[in-house]
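Notes follow the structure.
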Amino acid sequence: MSLEPHPARPSVLISAAMSVDGHIDDAAPERLLLSSPEDFDRVDALRAAYDAILVGAGTLRADDPRLEVRDEARRAARVARGLPEHPLKVALVGHGGLAADLRLWQSGGAKLVLAPDAAVAGLRAELGERAEVVGTGAGLDPARVLDALAARGVRRLMVEGGGAIQSLFLTAGLVDEIQLALAPFFVGDAAAPRFAPPVAGAVFPQDAAHRMTLLGAQSLGDLVVLRYAARRADASRVTTADVDRMRLAIELSRECPASETAYSVGAVIVAADGTEIACGFSREGGDDKVHAEESALGKIDLTDPRLRTATIYSTLEPCSVRASRPHPCAELIRAAGIGRVVLAWREPALFVADCQGVELLEQAGATVVEIPALAEEARAVNAHLVSRS
Ligand SMILES: NC(=O)C1=CN([C@@H]2O[C@H](COP(=O)(O)OP(=O)(O)OC[C@H]3O[C@@H](n4cnc5c(N)ncnc54)[C@H](OP(=O)(O)O)[C@@H]3O)[C@@H](O)[C@H]2O)C=CC1
Ligand SMILES: Nc1c(N[C@@H]2O[C@H](COP(=O)(O)O)[C@@H](O)[C@H]2O)[nH]c(=O)[nH]c1=O
């Protein structure tokens, strides 16, 4: 576990072609061409403008794509700008099982396979020199995928699909723009893959109350290409639901066994759909060292996919150093993949001279939100300590 600061995450474009009834392919084994030649040329120009192109394992298996910049002049223009001929080709893979003779491996340009740590050894054995294989931790958190790409100098990422990967980035609130080519026909098969299918337990931030901004609609022969600013989730805003959940965390903090040497803190972890995942409080369960966040995190399954879009509420700023345990709570929170942290009260200089919990979390890419209106209530539970500070 480490909390290295990371360079800015790349901007993310989702590019896809869809039938008017919302499908990105049919159910037949051959790849369905939704785009026209002019539209494929538009996609080629887009590819040439990006640092990396990403697809999921499902697309690799179904379509066997090359993901190349086809147009020679565009490749030459990239080289003239000091770039490689082709953008970095990135595959997100969950379990392995990629054929050694996929066209991607024979095609030009560097290839990077990102996979959960558990799948890395198998993929390296499968692929040999065909692609670099890098582990992303316990699962495939899209924010960590972006961090890994940022560390390789990727500033602009084009996500080409498929459906599961579109939903993964969209529901994580990590997409800046969508370019959707609408093909003038129906697929008419419920078994056919659809654009951005629903994901259990996840919500799309671009809902009816948060409509996307139309950037343009271009006619291209019989297709129309829609461009939307996808509006990232505004995670830095305090919502009414945040206040309600922080009040719950403050209630929990009142359950802490009394201590003269440690704060009483409550913590609640909530999924993006509002479901409570876990909660905890300081010194819970007879463990006189356990912190509230640590206690809550200790009750969850760290592979739970809801964590990547979850929020943790803590009445006190998560700790940045600990004498009694190896990992401070700021580190535990990021290691769990939780990207949003809401707190009521910054840690005063009493037990630790200068708590850096907020700074550590922000450096690690988390969004930290304070609710100053509830600070006094959270502090009051600790009045016997802070009256001395
Ligand atoms: N019309 C268009 O513009 C496009 C259409 N397509 C179509 O999309 C279809 C493929 O889409 P789909 O089957 O959804 O596959 P995807 O390409 O979206 O890949 C999904 C796979 O990605 C891996 N993965 C890694 N991390 C995650 C995660 N956190 N969540 C979900 N998946 C993860 C899994 O691999 P593993 O199986 O190893 O666990 C999973 O099976 C094809 O029919 C293709 O033709 C694709 C691109 C563009
Ligand atoms: N079928 C379809 C798309 N499919 C996308 O194009 C990829 C294939 O790229 P290549 O290797 O260059 O042929 C494929 O894997 C998928 O990402 N894209 C589109 O713009 N329109 C389409 O109709």
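Ligands are counted one by one from 1 in listed order, and the atoms in each one are counted from 1 as well. Both backbone and side-chain heavy atoms feed into the values below; hydrogens, waters and symmetry mates do not.
- With a 4.0 Å heavy-atom cut-off, ligand 1 is reached by the side chain of Pro193 but not by its N, CA, C or O.
- Applying the 4.0 Å criterion to heavy atoms of Leu140 picks out, from ligand 1, the atoms 25 (C), 26 (N), 29 (N).
- Set against the non-hydrogen atoms of Leu34, the atoms of ligand 1 under 4.0 Å away are 1 (N).
- Contact atoms of ligand 1 toward Gly96: 38 (O) (distance under 4.0 Å to a heavy atom of the residue).
- Every heavy atom of Arg103 sits 4.0 Å or more from the atoms of ligand 2.
- To the nearest 0.5 Å, atoms CG (Leu88) and CE (Met158) are separated by 13.5 Å.
- Atom 40 (C) of ligand 1 is not flagged as protein-proximal [any protein heavy atom, distance under 4.0 Å].
- Taking only nitrogen or oxygen atoms, main chain and side chain alike, Thr59 does not reach within less than 3.5 Å of ligand 2.
- Ligand 1 is never approached by Gln166 to a heavy-atom distance shorter than 4.0 Å.
- Considering only non-hydrogen protein atoms, atom 43 (O) of ligand 1 sits nearest to Asp25 OD2, 2.6 Å.
- For atom 30 (N) of ligand 1, the nearest non-hydrogen atom from the set Leu168, Asp26, Leu32 comes from Leu168.
- The pair Glu251-Arg245 fails the salt-bridge criterion, with no side-chain N (NZ, NE, NH1 or NH2) lying under 4.0 Å from an Asp/Glu carboxylate O.
- No heavy atom of Arg31 sits closer than 4.0 Å to any atom of ligand 1.
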Margin query: Let's go through Arg306 and Asp304 carefully: what are the C-alpha distance in whole Å and the side-chain angles of both, what is the deciding distance for salt bridge (Lys or Arg N to Asp or Glu O under 4.0 Å) to 0.1 Å, and is it a yes or a no?
Written below: CA-CA 5 Å; Arg306 293 175 302 165; Asp304 186 334; 2.8 Å; yes

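- The proximity of Leu34 to ligand 2, defined as any non-hydrogen pair under 4.0 Å, involves the side chain as well as the backbone.
- With a heavy-atom cut-off of 4.0 Å, Arg47 touches ligand 2 through its side chain alone.
- Counting heavy atoms under 4.0 Å from ligand 1, residue Thr59 touches it through both backbone and side chain.
- Arg130 places a side-chain N or O within donor-acceptor distance of the main-chain N or O of Ala100, the cut-off being under 3.5 Å.
- Counting protein heavy atoms only, atom 18 (N) of ligand 2 is closest to Phe40 CE2, 4.0 Å.
- For ligand 2, the atoms closer than 4.0 angstrom to any heavy atom of Ala17 are 19 (C), 21 (N), 22 (C), 23 (O).
- Contact between Ser167 and ligand 1 is absent, with no heavy atom of the residue lying under 4.0 Å from the ligand.
- Using 4.0 Å as the threshold, Leu92 has a heavy atom nearer than that to some atom of ligand 1.
- Residue Leu32 has at least one nitrogen or oxygen atom sitting less than 3.5 Å from a nitrogen or oxygen atom of ligand 2, judged on distance alone.
- Counting heavy atoms closer than 4.0 Å to ligand 1, residue Gln179 contributes nothing at all.
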